[in-house]
Amino acid sequence: MAYDDHWIPTECPTPVLPEEEARQIRTAEERMRKGVTPSRVTRELLLGGVSAAAVRSFLASAQIGLPDTQQRGAGSIEDFLFGGHGAGQSGEDMGQLASANDDLDMWTTLFP
């Protein structure tokens with residue numbers, strides 16, 4: 001299967017300042033709560049000049065407590081990001097997070 005790389009630019013975008021990076025991460029959290037896929041959010045953060053390290057941290061925070069979702073309670077970061085109520089993420093959610101991490105890995109290969 002061919003990797004979807006049409007979104008990757010030929011040159012790395014200019015990095016944003018830390019304040020702008022924080023603002024974009026907050027916006028990304030809100031967008032994911034509203035149902036935008038992690039892969040789309042990841043791509044837009046990277047294209048917007050957010051550092052790969054900040055995006056990796058953002059994605060990692062969405063996976064805290066996985067896969068043992070039974071031990072998570074309401075108020076977890078996954079509930080915050082995905083609007084749940086302590087019920088855990090579905091296999092589809094985990095697949096979407098894995099896809100976002102694949103996008104990030106491709107980015108860091110091309111723009112170390």
Side-chain angles (χ1 to χ4, degrees):
M1 178 167 68
Y3 183 77
D4 172 21
D5 63 357
H6 73 278
W7 64 277
I8 298 175
T10 56
E11 294 182 18
C12 188
T14 303
V16 295
L17 295 172
E19 298 81 16
E20 175 62 14
E21 188 169 86
R23 186 196 68 75
Q24 286 193 41
I25 294 290
R26 286 191 305 273
T27 300
E29 291 167 347
E30 178 65 26
R31 293 184 72 223
M32 283 179 59
R33 276 195 303 272
K34 291 181 177 180
V36 178
T37 64
S39 187
R40 182 170 180 176
V41 170
T42 295
R43 292 175 179 193
E44 290 173 358
L45 286 170
L46 293 167
L47 291 170
V50 174
S51 70
V55 175
R56 192 166 304 282
S57 176
F58 168 70
L59 290 175
S61 71
Q63 297 179 59
I64 293 172
L66 297 178
D68 188 6
T69 57
Q70 296 301 322
Q71 292 183 5
R72 291 182 319 134
S76 69
I77 190 71
E78 293 89 341
D79 295 335
F80 172 74
L81 290 173
F82 296 101
H85 301 287
Q89 291 181 326
S90 69
E92 181 180 355
D93 290 336
M94 291 188 59
Q96 289 177 355
L97 285 168
S99 178
N101 277 298
D102 289 345
D103 289 339
L104 181 57
D105 290 342
M106 175 62 72
W107 183 273
T108 56
T109 298
L110 297 171
F111 305 113

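In this text, all values refer to a predicted model and were calculated from it rather than measured experimentally. Just so you know, these numbers use all the heavy atoms, side chains as well, and skip hydrogens, waters and symmetry mates.
- A donor-acceptor pair under 3.5 Å is absent between the side-chain atoms of Ser99 and the main chain of Gly95, judged by distance alone.
- Inter-residue side-chain proximity for Leu46 and Pro13 is flagged as unmet; no heavy-atom pair is nearer than 4.5 Å.
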With side chain to side chain contact (heavy atoms under 4.5 Å, CB included) as the criterion, how do Trp7 and Asp103 come out once you've worked through the C-alpha distance, each side chain's angles and the decisive distance to 0.1 Å? CA-CA 10 Å; Trp7 64 277; Asp103 289 339; 3.8 Å; yes
Between Arg26 and Arg23, is the side chain to side chain contact (heavy atoms under 4.5 Å, CB included) condition met? List the steps. CA-CA 5 Å; Arg26 286 191 305 273; Arg23 186 196 68 75; 3.6 Å; yes
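- Atoms CZ and NE2, on Arg43 and His6 in that order, are 5.5 Å from each other to the nearest 0.5 Å.
- Interatomic distance, CG of Asp105 versus CG of Leu110, reported as 11.0 Å (0.5 Å rounding).
- When every heavy atom of Phe111 is checked against every heavy atom of Thr10, the shortest pair comes out as CE2-O, 4.2 Å.
- In this structure the side chain of Val41 reaches within 4.5 angstrom of the side chain of Phe58, judged on heavy atoms.
- The environment of CZ in Arg56 is crowded: more than 12 heavy-atom neighbours from other residues, nucleotides or ligands sit within 6.0 Å.
- The structure places CG of Leu59 at 4.0 Å from OG1 of Thr42, a figure rounded to the nearest 0.5 Å.
- Of the inter-residue distances, the one linking Asn101 atom CG with Gln96 atom CD reads 12.5 Å to the nearest 0.5 angstrom.
- Taking CG of Leu97 as the reference point, atom CE of Met32 lies at 5.5 Å (rounded to 0.5 Å).
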Could you go through the side chain to side chain contact (heavy atoms under 4.5 Å, CB included) check for Val55 and Trp107 one step at a time? CA-CA 11 Å; Val55 175; Trp107 183 273; over 6 Å; no
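- Judged purely by atom type and a 3.5 angstrom limit, Gln24 uses its side chain to pair as donor or acceptor with the backbone of Gly48.
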